[in-house]
Amino acid sequence: MTITLTFGTWMIPFSITIFSHIIAWVVARLLKDDLWGMLSFSAIIIALGASISSWITWGLMLLLK
């Protein structure tokens, strides 16, 4: 199976980054003060992890093309 990488493939990790950061922002804003600490920190860490892993995957696919 061949993966064709064009210029537009950067939009997939970019959309994952935007979507995950929007979810982290919503979680951090909508939580009550007593739940804010651990859950919002987890949402931010998960968003950063999703962003980094999607860009690394995209970069590896680009290099292995």
Do Val26 and Ile18 sit in the same hydrophobic cluster, where Ile, Leu, Val, Met, Phe, Trp and Tyr count as joined when their side-chain heavy atoms come under 4.5 Å apart?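 Yes, Val26 and Ile18 fall within the same hydrophobic cluster.
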Apply ring-ring contact (aromatic ring centres under 6.0 Å, His included) to Trp55 and list each qualifying residue two or more places apart in sequence or on a separate chain. Trp58
Please enumerate all residues that pass ring-ring contact (aromatic ring centres under 6.0 Å, His included) together with Phe14, with sequence neighbours excluded. Trp10
List the atom of Ser15, the atom of Ile12, and the distance in Å for their closest heavy-atom pair.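 Scanning both residues, the minimum pair turns out to be OG-O, 2.8 Å.
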Looking only at heavy atoms, the pair that brings Ser51 and Ser54 closest together is O-OG, 2.9 Å
By side-chain contact (heavy atoms from CB on, under 4.5 Å), which residues pair with Ile23, not counting sequence neighbours?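 If we apply the side-chain contact (heavy atoms from CB on, under 4.5 Å) test to Ile23, skipping adjacent residues, the hits are Phe19, Val27.
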Could you list the residues that satisfy side-chain contact (heavy atoms from CB on, under 4.5 Å) with Ile56, not counting sequence neighbours?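 Expected list: Ile52, Leu60.
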Taking atom NE2 of His21 and atom CD1 of Ile44, what is their separation to the nearest 0.5 Å?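 Answer rounded to 0.5 Å: 9.5 Å.
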